[in-house]
Trainee: 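One structure follows; several queries about it will come next.
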Number of protein chains: 2
Amino acid sequence: MATRAAKSAPRSYDQYCAVARGLDVIGDRWTLLLVRDLLLGPKRYKDLLSGLPGIGTNLLAGRLRELEGTGLIERTVLPPPAGSTVYQLTEAGQALEPAVVALGRWGARFLGQPRKTDVMVPRAYFVAMRGVFDAQAAAGITETYEVRIADLVFEVRLAGGRLTTSERRPSNPDSVLTMDVDTLNALMFRQIKPSAAIAKGRVKIEKGDHKALERLVRIVAFHSRLSSAT
Amino acid sequence: MATRAAKSAPRSYDQYCAVARGLDVIGDRWTLLLVRDLLLGPKRYKDLLSGLPGIGTNLLAGRLRELEGTGLIERTVLPPPAGSTVYQLTEAGQALEPAVVALGRWGARFLGQPRKTDVMVPRAYFVAMRGVFDAQAAAGITETYEVRIADLVFEVRLAGGRLTTSERRPSNPDSVLTMDVDTLNALMFRQIKPSAAIAKGRVKIEKGDHKALERLVRIVAFHSRLSSAT
DNA sequence: CGGAATCCTCTTCGATACTG
DNA sequence: CAGTATCGAAGAGGATTCCG
């Protein structure tokens, strides 16, 4: 017996403080990165697993269970023919976006050069875009991009001075861009010019003019001076 | 031998992602709460220890060492006659404020009613004020409050439509308020009216009129609808 | 007395193996 | 594919001790 015993009560800081309570919920290892990926849309177990190298299957399962328990995510079964189980953020989970973005803005100062142990995870860039998005530069642009990185497909949509990014195939993209994650990284850090990336064949453009990539980079790529404002 | 060996390299997610890097730095247990308290100004070891019930002396010392290593805090020796060692945030540490505030705004939804295991830590409220501060209501007000909670002294300063909170004795406060942490909590959640708190003797006002507390509460206390904006 | 280092126990993590 | 089971390694928590 005692099959399901030993719930042992999740660890808490036991402070009546919003920050402490928030940490009680998302302070465990991997949790916020899980949320980061889910900000781009519903994902299957294996999608999450492959997007978080090193997490270990038991931890992923455990975290998903906890997040479901705290109401940040919910399990859904996709309609046929897919029929697979996916995890998606609830409203409470989506509400974490400002905190994730704020942490990313701050954490950017520690990026430095990629270390040999670092892996570049495509999803991170599409969440990062939300933090660097330049509304000024995007004014008046309405455009939907389909960006393919490795075997992943993302939608980047500019409309009404707002940016949305998600992991899915857009229904009717204005342009379709294919590149590897290293090229995405180089473009995001403005280490290579869009025109050069195209010329070298590092970015393939289907359906759309060459200027599309330049517009995209201008609006969502990192700026040297990220966090000014003393 | 191997006295100091086994540095073993701090644990990292090894993702070239700003969120992941940020978590590498402040993702460990207690770290962000430490930063939260330090946002109110330099603190001695024992101040931090008493403000973080349950941290354990070894963990606090360890975290302080790590944070100094990552450049978030620095040790300083106060000039005589104090002469004590204090820890204070560097610019990189201060830059965490938006992330801490964002997490607090989100975490507030999990506060609910205080649990019997919860402790109310005074510092948390003065950091929280930064997140709920209503610039509209503060327009045109220039006032400095000295707020005494238990044996702690805080400065809340309104000026130029901006709010600053810190743990120190203001040089020339417009009003001096003394209360216990339960009263502070009740006022912050608007569970008691400032006038009632004064009438019941739960708030003692020295130097300043009775309206001072009402102004303060109007501007820094929580609003029922914290995070709207769908 | 403030500021830690040490020791010990318990929990969590991380990796792999295994099962419905 | 979606997890559970297992187990050694690392980290957390508490008490005590040490140093200046």
Side-chain angles (χ1 to χ4, degrees), chain A residues 2-15 20 23-24 26-34 42-68 73 75-78 81-88 117 119 151, chain B residues 2-15 20 23-24 26-34 42-69 73 75-78 80-88 117 119 151:
Chain A
T3 355
R4 194 158 298 266
K7 258 299 269 321
S8 79
R11 188 178 292 182
S12 169
Y13 288 108
D14 286 328
Q15 291 190 7
L23 289 173
D24 283 346
I26 53 85
D28 280 341
R29 203 163 156 71
W30 293 107
T31 303
L32 211 53
L33 292 185
L34 209 47
K43 307 254 171 298
R44 290 171 300 174
Y45 185 89
K46 72 154 190 176
D47 297 329
L48 294 167
L49 195 62
S50 61
L52 298 172
I55 192 181
T57 63
N58 55 343
L59 263 201
L60 177 55
R63 292 291 179 265
L64 288 171
R65 211 178 306 120
E66 292 165 12
L67 287 177
E68 196 180 354
I73 66 175
R75 300 167 54 119
T76 313
V77 177
L78 292 182
S84 48
T85 302
V86 296
Y87 299 87
Q88 62 184 325
T117 49
V119 57
D151 55 338
Chain B
T3 354
R4 191 158 301 267
K7 257 300 269 320
S8 79
R11 187 180 294 181
S12 169
Y13 289 110
D14 286 329
Q15 291 191 6
L23 289 173
D24 283 346
I26 53 86
D28 280 340
R29 204 164 154 71
W30 294 107
T31 303
L32 212 52
L33 292 184
L34 210 46
K43 306 254 170 301
R44 289 171 302 173
Y45 184 90
K46 72 153 192 177
D47 297 329
L48 294 167
L49 195 62
S50 60
L52 298 172
I55 191 178
T57 64
N58 53 347
L59 261 201
L60 177 55
R63 291 290 180 265
L64 288 171
R65 211 179 306 117
E66 292 165 13
L67 287 177
E68 196 180 354
I73 66 175
R75 302 166 54 116
T76 314
V77 178
L78 291 182
S84 47
T85 303
V86 295
Y87 299 87
Q88 63 184 325
T117 49
V119 57
D151 55 339

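Per chain, numbering begins at 1; letters A, B, ... match sequence-line order.
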Trainee: Counting side-chain heavy atoms from CB outward, which of C:dG3, C:dA5, C:dC13 is closest to B:Ala61?
Mentor: C:dA5
Trainee: Can you work out whether A:Ser12 or A:Tyr87 has the more 5'-proximal nearest nucleotide on DNA chain D?
Mentor: A:Tyr87
Trainee: Any side-chain N or O of A:Lys46 less than 4.0 Å from the OP1 or OP2 oxygen of D:dA2?
Mentor: no
Trainee: Distance to the ring centre below 6.0 angstrom and angle to the axis at most 45 degrees; does that hold for B:Arg75 and B:Tyr45?
Mentor: no
Trainee: Once Watson-Crick and G-U wobble pairs under 3.5 Å are found, how is DNA chain C written in dot-bracket notation, 5' to 3', with | for any base paired to another strand?
Mentor: |||||||||||||||||||.
Trainee: Could you give the CG-to-P distance, from A:Leu34 to D:dG3, as a whole number of Å?
Mentor: 12 Å
Trainee: Round to a whole Å and report the spacing from NZ of B:Lys43 to P of C:dG2.
Mentor: 16 Å
Trainee: Determine, for nucleotides 14-20 of chain C in 5'-to-3' order, which nucleotides have protein heavy atoms under 4.0 Å from the base (write B), from only the sugar-phosphate (write S), or from neither (write -).
Mentor: BBBB---
Trainee: Quick one: CG on A:Leu59 to CZ on A:Arg63, what's the gap to the nearest 0.5 Å?
Mentor: 5.0 Å
Trainee: For A:Leu64 and B:Asp28, take the nucleotide of DNA chain D holding the closest heavy atom to each; which residue's nucleotide lies nearer the 5' end?
Mentor: A:Leu64
Trainee: Under 4.0 Å between a side-chain N or O of A:Arg75 and OP1 or OP2 of D:dA2?
Mentor: no
Trainee: To the nearest 0.5 Å, what is the distance between CD1 on B:Ile26 and CG on B:Leu67?
Mentor: 9.5 Å
